[in-house]
Structures are given as structure tokens and as C-alpha cells.
Amino acid sequence: MESLAVNIVPFPHPSFLNSKLPINREKGFFHCWPCKQRSSSSSPHNPTRLNCHKMFVPGFGEASPEAKAAKNLHNFFNYIAVKIVSAQLESYNPEAYEELMEFLDTHSLNDGDEFCASLMRESSRHKALALRILEVRSAYCKRDFEWDNLKRLAFKMVDESNTKLMREYVLETSPATENETGK
């Protein structure tokens, strides 16, 4: 894994940040990063270098952002599995399909594990449905979900959204005339 070396240069407090952040003006803005400091002599011509592997994300306490994203994906996979199973049941077992739809009317899919646990305890027929959902969500997650495509799409969405928002802001705040904007 590559490490990112960052030169620490004293910066004035960035205006876009909350002024309550713990900024040490002698060390600069980046002093709060949890990075390992390289043991080399610091001088004005040789600023301190830090080896950082990841950004520090404050406020996540017990779980990393990746763990929270994984939890959301876990629940999403349950939702997908319910959709797949219900589509299968609709064509070959309409009675089981109706039972699943009735259960869905009264139980939320927001927490996939809670949904499946409740479904298992409803009746022996519902237990079979729950086991099928568990099987499908595992298979979908491991074999069918396109993880590389997820990463590519997430990068693309962030880049396009950032560009769009910055463009809109510049257009709103710049004193461009109608002739310059083409409108």
C-alpha cells in the first residue's frame, strides 16, 4: 500500500472551516491528523513530513465510515433478496407470494436481520421464506453484486456532483452577463 507523504506548512485558518476546530497556528491546520511523524530534523527548508494512509473522519466513534456503509449494503442486499424471492414466488408459488406480501405490509425492510428474524418466527412456512431470503442475499452479495462497478459509479457520481455544484456556484456568484453565459 502506498503511503502519502504530506509536508506541513503553517497555513492561516481556512475560512470555510468552523472556527471551533482545534487549530494550532504554530503547527498549521493539519496537526490534528492522526499520522505518524517521520523522525527527521525539521527546519524552515525541511518541513516535517507525515506518513498518512487515510483521512481522519471524526464523529464515527464505534464504527468506521466503511463499517456503516457495509451495514447499509447488508440491509440493501436483504431488500434485493426479498425482491428476487418475491418475483420467483409470484410465478411459481402464488400462495407463498401472497404470504410474503402480507408480511411486507406489516414489517419494515429497513433492518434486514430484524425482518428475517421476524419472518422466521411467524410460522414454519414463513421460516422457509426467510431461509430462502438469507440464501439469496448471500449468493447475490458474493457472486452477483458488481463491486468494481459500485466503486466506479461512486467515484463518477462524486466527481460529477462536485463539478456540477462548483459550476452552479460560480455561475451564481460571478458577475457574468447574458452574452458571456450564452443565455
Practice item. Identify whether Leu150 and Tyr79 are in the same connected component of the hydrophobic contact network (ILVMFWY, side-chain heavy atoms under 4.5 Å). Key: yes

Would you mind writing out the side-chain donor-acceptor pairs for residues 160-172 within the sub-3.5 Å range, not counting sequence neighbours?
{"from": "Thr163", "atom 1": "OG1", "to": "Asp159", "atom 2": "O", "distance (Å)": "2.9"}
{"from": "Lys164", "atom 1": "NZ", "to": "Glu168", "atom 2": "OE2", "distance (Å)": "3.4"}

Point to revise | Tyr92: partners by side-chain contact (heavy atoms from CB on, under 4.5 Å), with sequence neighbours left out | key: Gln88, Leu89

Tabulate below the donor-acceptor pairs under 3.5 Å that side-chain atoms of residues 69-76 make, not counting sequence neighbours, or state none.
{"from": "Asn72", "atom 1": "ND2", "to": "Lys68", "atom 2": "O", "distance (Å)": "3.3"}
{"from": "His74", "atom 1": "NE2", "to": "Asp113", "atom 2": "OD1", "distance (Å)": "2.9"}
{"from": "His74", "atom 1": "NE2", "to": "Asp113", "atom 2": "OD2", "distance (Å)": "3.3"}
{"from": "Asn75", "atom 1": "OD1", "to": "Gly112", "atom 2": "N", "distance (Å)": "2.8"}
{"from": "Asn75", "atom 1": "ND2", "to": "Lys71", "atom 2": "O", "distance (Å)": "3.4"}
{"from": "Asn75", "atom 1": "ND2", "to": "Asn110", "atom 2": "O", "distance (Å)": "3.4"}

Practice item. Give the intermediate values and the outcome of side chain to side chain contact (heavy atoms under 4.5 Å, CB included) for residues Lys142 and Ser138. Key: CA-CA 6 Å; Lys142 292 175 183 175; Ser138 179; 3.5 Å; yes

Check your understanding: Taking the six-membered ring for Trp, is the centroid-to-centroid distance between Trp147 and Phe77 below 6.0 Å?
Key -> yes

Exercise for review: Just grab all the ring-ring contact (aromatic ring centres under 6.0 Å, His included) pairs involving residues 99-124, residues at least two apart or on different chains.
Suggested key: Phe103-His107, Phe103-Phe115, Phe103-His126

**Study point:** Closest contact, heavy atoms only, Cys116 versus Ala130
**Key:** O-CB, 3.8 Å

Review point. Roughly how far, to the nearest 0.5 Å, is the CD1 atom of Ile84 from the CD1 atom of Ile80?
Key: 6.5 Å

Review point. Which residue pairs satisfy the salt bridge (Lys or Arg N to Asp or Glu O under 4.0 Å) criterion with at least one member in residues 82-110, sequence neighbours excluded?
Key: Glu95-Arg125, Glu99-Arg125

Exercise for review: Tell me who clusters with Leu134, hydrophobic residues only, linked when side chains sit under 4.5 Å apart either directly or through other members.
Suggested key: Met120, Leu131

Check your understanding: Is any side-chain heavy atom of Arg132 less than 4.5 Å from a side-chain heavy atom of Leu129?
Key -> no

